Structure formats: C-alpha cells, structure tokens
Visitor: 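Sharing a structure with you now.
So that the names make sense, note that chain A is the first sequence line, chain B the second, and so on, each numbered from 1. Source: prediction; values computed, not measured.
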2 protein chains.
Amino acid sequence: MIRISKKVEYALMALKFISDSDHKLVTAREISDKGNIPYDLLSKILQKLKNENILVSNQGMNGGYSLNKRTDEIPLFSLMTAIDGDTAIAECLHDNNDKDCCMTDTCTIKLPVTRLQKELEDLFKSKTISDFV
Amino acid sequence: MIRISKKVEYALMALKFISDSDHKLVTAREISDKGNIPYDLLSKILQKLKNENILVSNQGMNGGYSLNKRTDEIPLFSLMTAIDGDTAIAECLHDNNDKDCCMTDTCTIKLPVTRLQKELEDLFKSKTISDFV
DNA sequence: ATATATAGGACTATCTTAGTCCAAATTCAA
DNA sequence: TTGAATTTGGACTAAGATAGTCCTATATAT
C-alpha cells in the first residue's frame with residue numbers, strides 16, 4: 001500500500017493554515033485547535049519544517065511560525081523528506097543497500113524499480129505546496 | 001515514506017522468473033530457491049496472483065504456475081491491489097472515509113490530495129509487468 | 001499409496017507510524 | 001524579576017501494518 005504519511009498530511013494542513021493567515025505569526029496551538037491535529041505531534045512536524053527552512057519560528061510569548069518561502073517554491077518532495085526522511089520505494093534502494101540487502105545477487109528487478117522510483121520522485125518534485133493550498 | 005511492499009517486490013521477481021521460463025510450469029519452491037524468497041510467503045503471493053487471474057495454477061505432482069496473460073497486459077496497479085488490497089495514499093481517501101474520518105469538516109486538503117492520488121494511480125496503471133522483466 | 005504440488009487459515013514477530021509525556025530554553029510584558 | 005506563552009527536543013508508549021511462520025487440507029501424477 002502506497003501512501004503519504006499522516007504527518008505529511010498534517011504538514012500540508014498546517015502550511016495551508018499558515019499560508020492563509022498571511023504573514024501573521026501563527027502558533028502550533030492555533031493550528032492544532034483549528035485543524036484537529038494532536039498538539040505534540042504537530043509541534044514536532046513544525047520543528048522539522050523549521051529545520052528545513054520551510055518555516056521560520058519565533059520563540060517565546062507572541063511567538064509562532066511563518067512561511068520562509070513562497071508556497072510555489074516548496075516542492076512536495078522536500079516536505080516529505082523533511083518529515084519522513086529519505087524516501088525509497090523499495091528497501092533495496094536505500095543508500096546503504098549493498099551492505100544490508102542480502103539479495104544483491106538474486107534481485108532481478110533492481111533496475112526497473114529504480115526507474116520507477118525516479119519517476120515517482122519526479123512527480124513529487126513537480127508538485128509544490130501551492131498545489132495544496 | 002512512500003514505498004512498494006516487499007510482497008510486491010517478490011511478486012515482480014516471481015513474475016519475471018515465470019516469464020523467463022517460457023510456458024513451462026514453475027513451482028513456488030523453484031522460485032523461492034532461485035530468488036531467495038521465503039517459501040510460505042511466496043506461496044501466498046502466488047495464490048493471490050492466481051485469484052486475480054494473473055497466473056494459472058496446476059495442483060498436484062508436476063504442478064506449478066504459469067502466466068495467464070502477456071506481461072504487457074498486466075498493469076503494475078493490478079499487481080499492487082491484488083497483493084496489498086486497495087491503495088489510497090491518504091487515510092481519508094479510503095472508501096469508508098466519511099464515517100471514519102473525524103476530520104471531514106476540518107480537513108482542508110482533501111481535494112488536492114485526491115488529485116495527487118489520481119496521478120499516482122495513473123502512473124501505476126501505465127506501468128505493466130513487461131517494464132519489470 | 002505416496003511423493004509432490006497448490007490452497008489457505010491462524011498465528012507470531014518485527015518494523016513503522018502515530019501519538020504522548022516531560023523537561024528545558026526563550027521571550028514578552030506586567 | 002516573575003510568570004505565562006511559546007518553541008525546542010528527547011524519551012517513551014500505543015497502535016497498526018508488514019513480513020514471515022506453522023500447520024493442515026486438498027489435488028494429482030506415477
């Protein structure tokens with residue numbers, strides 16, 4: 001089953017919310033309340049987006065988050081890797097594959113799966129957050 | 001993290017193996033041995049492919065599996081749904097969504113996510129097993 | 001009969017994802 | 001300078017999905 005994680009869904013909802021409150025700082029609490037998103041989980045997600053420079057944050061009272069880029073400058077792919085780490089559609093395609101994959105010799109489908117991986121990546125790179133807000 | 005399941009990988013390897021042994025029946029045991037695939041797990045997978053009329057099977061001694069269609073007549077999408085069941089990239093897009101999804105009101109991204117889902121499906125439908133053998 | 005197959009239910013183990021809890025650190029403002 | 005509101009971030013738990021195993025039944029060629 002191929003799916004985007006709930007965290008990415010939450011991230012999209014959060015980015016839409018932030019994008020809609022043009023340039024005013026919004027807090028994790030606000031987004032959580034309005035969007036019915038578990039607060040603690042959302043906090044982690046926003047932190048990751050901040051660490052990837054998708055958001056900027058202000059700590060302390062009256063703090064909050066705001067966008068650091070235009071939504072059309074944020075590829076969906078960046079969001080996904082920011083939140084879920086590097087994506088590989090098949091186990092054998094991970095960076096450290098050669099060590100771990102005991103099937104290096106017998107795996108007959110590596111090449112075409114790699115091609116598919118590339119096409120999926122391209123699809124996710126071609127979408128930006130502006131497609132979701 | 002978006003990924004195809006190990007079962008689908010195994011299925012692709014099995015189909016390649018069967019396709020390569022042109023028209024001779026091949027047994028689950030053979031495929032398992034040659035491909036380093038857990039026998040019991042593989043058996044289940046082959047059964048599912050048979051139930052979807054992707055393979056035909058002969059029980060009993062000298063039995064085994066063979067292809068029921070040309071590889072270019074089997075979309076990757078069919079394989080995936082045969083093995084992993086219906087795919088929806090986001091939880092809220094499942095068939096029984098309206099009942100279960102408590103966010104029907106607050107979910108702000110359903111439409112664009114649905115569009116993305118469609119595009120992914122189209123991609124998987126456009127690929128056939130012939131791309132993997 | 002018996003060995004070799006598929007068929008399939010039930011179970012377990014392992015991994016991933018989702019979610020929670022707690023304790024800082026930061027900042028504004030009274 | 002205290003306190004409330006906020007982000008930061010580590011550690012943990014719960015729930016669910018995936019992968020894998022075990023066992024028994026059924027079919028069939030020889």
Visitor: Provide, to the nearest angstrom, the distance between the CG atom belonging to A:Asn36 and the P atom belonging to C:dG19.
Guide: 11 Å
Visitor: Of the options D:dA19, C:dT6, C:dA18, whose atoms approach the side-chain atoms of A:Lys6 most closely?
Guide: C:dA18
Visitor: Tell me which of A:Asp40 and B:Ala28 sits closer to the 5' end of DNA chain C, going by the nucleotide each one is nearest to.
Guide: B:Ala28
Visitor: Please name the pair of heavy atoms, one in B:Ala14 and one in B:Leu42, separated by the smallest distance, quoted to 0.1 Å.
Guide: CB-CD1, 4.1 Å
Visitor: Is A:Lys50 near enough to D:dT8 that one of its side-chain N or O atoms lies under 4.0 angstrom from OP1 or OP2?
Guide: yes
Visitor: Taking atom types as modelled, find out whether B:Asp84 and B:Ser5 have a side-chain donor-acceptor pair closer than 3.5 angstrom.
Guide: yes
Visitor: If the threshold is 4.0 Å, N to carboxylate O, is there a salt bridge linking A:Glu9 and A:Lys6?
Guide: no
Visitor: With distance as the sole test, does A:Thr27 use its side chain to make a donor-acceptor pair with the main-chain N or O of A:Gly64 at under 3.5 Å?
Guide: no
Visitor: Using a cut-off of 4.0 Å between protein heavy atoms and nucleotide atoms, how would you tag nucleotides 24-30 of chain D 5' to 3' with B, S and -?
Guide: --BBBBS
Visitor: Give a yes or no on whether the backbone of B:Phe77 and the side-chain of B:Lys125 come within a donor-acceptor separation of less than 3.5 Å.
Guide: no
Visitor: Quick one: A:Ile45 CD1 to C:dT17 P, roughly how many Å, whole number?
Guide: 13 Å
Visitor: Does a nitrogen or oxygen in the side chain of A:Tyr39 sit under 4.0 Å from OP1 or OP2 of D:dT6?
Guide: no
Visitor: Report yes or no: does B:Ser32 contribute a side-chain atom to a donor-acceptor pair with the main-chain N or O of B:Ile37 at less than 3.5 Å?
Guide: yes
Visitor: For A:Ser57 and D:dT8, is the shortest distance between a side-chain N/O and OP1 or OP2 below 4.0 Å?
Guide: yes
Visitor: Identify the heavy atoms of B:Val113 and B:Ile89 that sit nearest to each other, and give their distance.
Guide: O-CD1, 3.8 Å
Visitor: Can you measure B:Lys48 atom NZ to D:dT18 atom P for me and round it to whole angstrom units?
Guide: 10 Å
Visitor: Only one of B:Leu55, B:Val26, B:Leu49 forms a side chain to side chain contact (heavy atoms under 4.5 Å, CB included) with B:Leu67, so which one is it?
Guide: B:Leu55
Visitor: Let me know the distance between CD1 of B:Ile37 and P of D:dA19, rounded to the nearest Å.
Guide: 13 Å
Visitor: Could you give the CD1-to-P distance, from A:Ile31 to D:dT6, as a whole number of Å?
Guide: 12 Å
Visitor: Within this structure, what is the CZ-to-P distance between A:Arg29 and D:dT8, rounded to whole angstrom?
Guide: 15 Å
Visitor: Using only side-chain N and O atoms of B:Tyr10, determine if any of them is under 4.0 Å from OP1 or OP2 of D:dT18.
Guide: no
Visitor: Ion pair present between B:Glu121 and B:Lys118, side-chain N to carboxylate O less than 4.0 angstrom?
Guide: no
Visitor: Rounded to whole Å, how long is the line connecting atom CD of B:Glu30 with atom C1' of C:dT6?
Guide: 14 Å
Visitor: Can you check the A:Ile83 CD1 to D:dG9 P distance for me, whole Å?
Guide: 16 Å
Visitor: Tabulate protein N/O versus nucleotide N/O from nucleotides 10-13 of chain C, keeping only pairs under 3.5 Å, one per line.
Guide:
{"unit_1": "C:dA10", "atom_1": "N6", "unit_2": "B:Lys44", "atom_2": "NZ", "d": "3.4"}

